[in-house]
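Convention: sequence-line order gives letters A, B, ...; per-chain numbering from 1.
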There are 2 protein chains.
Amino acid sequence: MRPSSPRQAAEPVRQEGLRSINLELVFRHILAAPAPISRTELATGTGLTRPTISRIVEELLAGNLITETGLTHDGRAGRPRVGLSISDKGPAGLGLDIRSDGLAACVVDLTGTVRHLAFAPSTYADQGAPAVLAELARMAGTAIEATAAEDLTVVTATLAVPGPVDAGMVRSAPALGWRNVDAGALLRGATRHLAVPITVDNEANLAALGELYASDNTLSSFVYVSGGLGIGAGIVLDGQLLRGVRGWSGELGHVTVYPDGKPCPCGSRGCLQTYASLPAILSDEPVPPHSTPDAAVTGRADAGDPATLAALDTAGTALGIALSDVINILDIDTVLLGGAFSLLSSWLTATIRTELNQRVLTAAWAPLTVRPAQLGPDAAVIGAALTAIDQIRQHPTAWLLR
Amino acid sequence: MRPSSPRQAAEPVRQEGLRSINLELVFRHILAAPAPISRTELATGTGLTRPTISRIVEELLAGNLITETGLTHDGRAGRPRVGLSISDKGPAGLGLDIRSDGLAACVVDLTGTVRHLAFAPSTYADQGAPAVLAELARMAGTAIEATAAEDLTVVTATLAVPGPVDAGMVRSAPALGWRNVDAGALLRGATRHLAVPITVDNEANLAALGELYASDNTLSSFVYVSGGLGIGAGIVLDGQLLRGVRGWSGELGHVTVYPDGKPCPCGSRGCLQTYASLPAILSDEPVPPHSTPDAAVTGRADAGDPATLAALDTAGTALGIALSDVINILDIDTVLLGGAFSLLSSWLTATIRTELNQRVLTAAWAPLTVRPAQLGPDAAVIGAALTAIDQIRQHPTAWLLR
DNA sequence: CGGTTTAGGTCAACCCATGAAACAAACCCA
DNA sequence: TGGGTTTGTTTCATGGGTTGACCTAAACCG
């Protein structure tokens, strides 16, 4: 017999552990503060005493996790507060993304702001995985070099991939033509001189994480739907990314919409992807040279092309059906349309809402929100870079003891 | 900006807090042990020292959470160990369930064993919620009285209800004919003399919890599908019940299977319920008097009635489609067929497996399990009783400070 | 310009949980 | 019966956090 929550500390806590627990508590308080916060405010906020706060703050300052931002004069009598806020120097995260229209790299500092963002348009359709990853490795090198000049140290790099990943192995990424590619090992080989640990994760998961951070406390549970050559989803419940048993959650593109519908390359029939991915919306119309699927669809929709508008309507309906399943199963009240869908949201949201209101059992007595994502196509790179930041944020002690 | 996991301690940890953390650690170790465990074994297992263990054990003994089970002579030299195991006296949980065929009450002790199980066949179709809950209150009274004689103290009662619940309010339970019934308040009123706090929760969620406990460490992520007059699901991921934003997760019965299919009372079309619930499988055939829908279906299937077998086939297909959505979205690898489905599993599993293998993207490289649940129709009552136990197990300190 | 007010640091004394080492208890075996 | 062995307990030292007092720094106010 087992307790239903095995995710508790398995290690005993000694006095020194107590110190690190309180250190993390203080650090979280600084993170959560909307503006620089003083030591005294921290003391009242956390319940710890000022001497303890002072000691912890000293430790955080020494570790480059926070900085003193100078005095704040708020007009009141008395000595002004010394503001403390998250440091914009020190540890940083590197994100890498393989998009439908090119490669992207991005560095984010501890405060969550993007300090470097590079994009290289490229068609990797004719290249193999090693070539693509070598190019990404080059971009990673310049990103690290550029941000090192600003006193940033990249601690982890995360690669976003459109498809299920497990332990660095990309099981299947049809958009890239990859099957069982060990992207982790390849990228690790190409970046050996940089000495940065590499992680590989699903693109939609990472984008969801990016949106979570960007939402600034207002969102804590949502489904991020990523539209592109395929369709993926990142599910965040109570501020926590749901990864599933093996990290393969969010395969929304293969949710069955019409059981006897169009055949899908995956072997099934009626998958959402066959109705709502960009190729499906484009039907058989070819994409003009020097354009991208994203641009082609928005261009035709803006021009009022009836076939495209009809395709967008079927896509919206299919998305609505699939999302109503997600909501009935998980009870989540917010849907973010990301990737290419963020550009197409004005043609999709109404249709999706109609389906949700009809099909979600609880929609009758609790409203649902459907809206475009904030970060647009950069969500995944930014989210990838944020994973490193997230780890430090949750376990600052690990960084201090590096 | 926020850390992605807000579920961390918001309170500072002082020395006493440290003690309770280690107390919980030790308690979990005793829970996880397959047999009575000695103080020294606890010391080596947890990493704490023997003196600390002794003090903590003393505290647990005083609080009636564990008991000494006598000396174990294993033939080796040295002083014999004093076995420690979870107490079968002290705190207990009370579960109440409104089933399609009657009312059930159950008391479970800290070890997770059922100490009292009562069932009252009843047709509440013609009665109102107050009458049903008054009867349940009577059953609760006798259950508490009976187990008090065995030194058990019921700390919380949990009512299982087939439908979405929020804060004691039953939003909609078509199987009972309830809509917006404040079951929590009604039951609280009827049990005022018992002075036991009341919780109300979804039946499928509770049954999933029951199965989780009954599985004895072998299961940690699964979907429990509860078949009956409606269809619900309880989702357990990594030993944790997924409740969703408002606790309305698992509405599997209203997942869309055929978008343009049969109309459902909920207002949508093609819901799973309209193909796989017991009424759907029975089609228009009336249930004989003095029988139940469960018995009618199994009887006809056993007899080889072609219409029933065909209906079971459509039900299995529909279940497979809906479950493939769940798995594509959540990446869970085990499905437990519960409620009436546990009795019907021999007619359902093959069909369900076929659909899953076709429609789940990752099924190609990772196997899925579909099998009947262990506890049968009592899963929900037992699970309901276990919620109280679960709380004590996760936060034994709260019980000690009662 | 000096008094007041607030932020922050520093120092003692104390509390309390854990760790280390010594000690008592209860078994085996010869 | 006595030595060896393992278990559980007692005693003392350690160390972190708290409380409280006292002090300095830096603003406002009359």
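Distance alone, capped at 3.5 Å, is enough to place a donor-acceptor pair between the Ser87(B) side chain and the Lys89(B) backbone. A donor-acceptor contact shorter than 3.5 Å links the side chain of Trp399(B) to the backbone of Gly63(B). Glu211(A) places a side-chain N or O within 3.5 Å of a backbone atom of Leu375(A) that can act as its donor or acceptor partner.
The nearest whole Å value for the distance from the CD atom in Glu68(B) to the P atom in dA26(C) is 13 Å. Between the CD1 atom of Ile53(B) and the P atom of dT18(C) there is a distance of 9 Å, given to the nearest Å. Distance CG (Leu84(B)) to C1' (dG8(D)): 11 Å, rounded to an integer number of Å. Atom CD in Glu59(B) sits roughly 9 Å away from atom P in dT18(C) (whole-Å rounding). Rounded to a whole Å, the CD1 atom of Ile56(A) is 15 Å from the C1' atom of dG8(C). A straight line from CZ of Arg19(B) to P of dC15(C) spans 16 Å, rounded to a whole angstrom. In this structure, Ile21(B) places its CD1 atom 15 Å from C1' of dC16(C), rounding to the nearest Å. The CG-P distance, from Leu48(B) to dG8(D), rounds to 15 Å in whole Å.
Side-chain N/O atoms of Thr52(A) include none lying less than 4.0 angstrom from OP1 or OP2 on dG16(D). Phosphate proximity of dT6(D) to Arg39(B): absent, as no side-chain N or O sits under 4.0 Å from OP1 or OP2. Put simply, Thr40(B) has no side-chain N or O that comes within less than 4.0 Å of OP1 or OP2 on dT6(D). The phosphate of dG8(D) (OP1 or OP2) has no side-chain N or O of Arg55(B) nearer than 4.0 angstrom. For Ser54(B) and dG8(D), the shortest distance from a side-chain N or O to OP1 or OP2 is not below 4.0 Å. Not one side-chain nitrogen or oxygen of Asn22(B) sits closer than 4.0 Å to the OP1 or OP2 atom of dA17(C). Considering only side-chain N and O atoms, Thr49(A) lies under 4.0 angstrom from the phosphate OP1 or OP2 of dT18(D).
Judged by distance alone with a 3.5 Å cut-off, a donor-acceptor contact links the side chain of Arg79(B) to the base of dT7(D).
Taking the charged nitrogens against the carboxylate oxygens, Glu68(A) and Arg39(A) do have a contact shorter than 4.0 Å, which makes a salt bridge. The pair Asp109(B)-Arg115(B) counts as a salt bridge, with a side-chain nitrogen and a carboxylate oxygen less than 4.0 angstrom apart.
Contact annotation for Arg50(B): base contact, defined as any heavy-atom pair under 4.0 Å involving a base atom.
You'll find that the side chain of Arg81(B) is closest to dG8(D), out of dG8(D), dA20(C), dG20(D).
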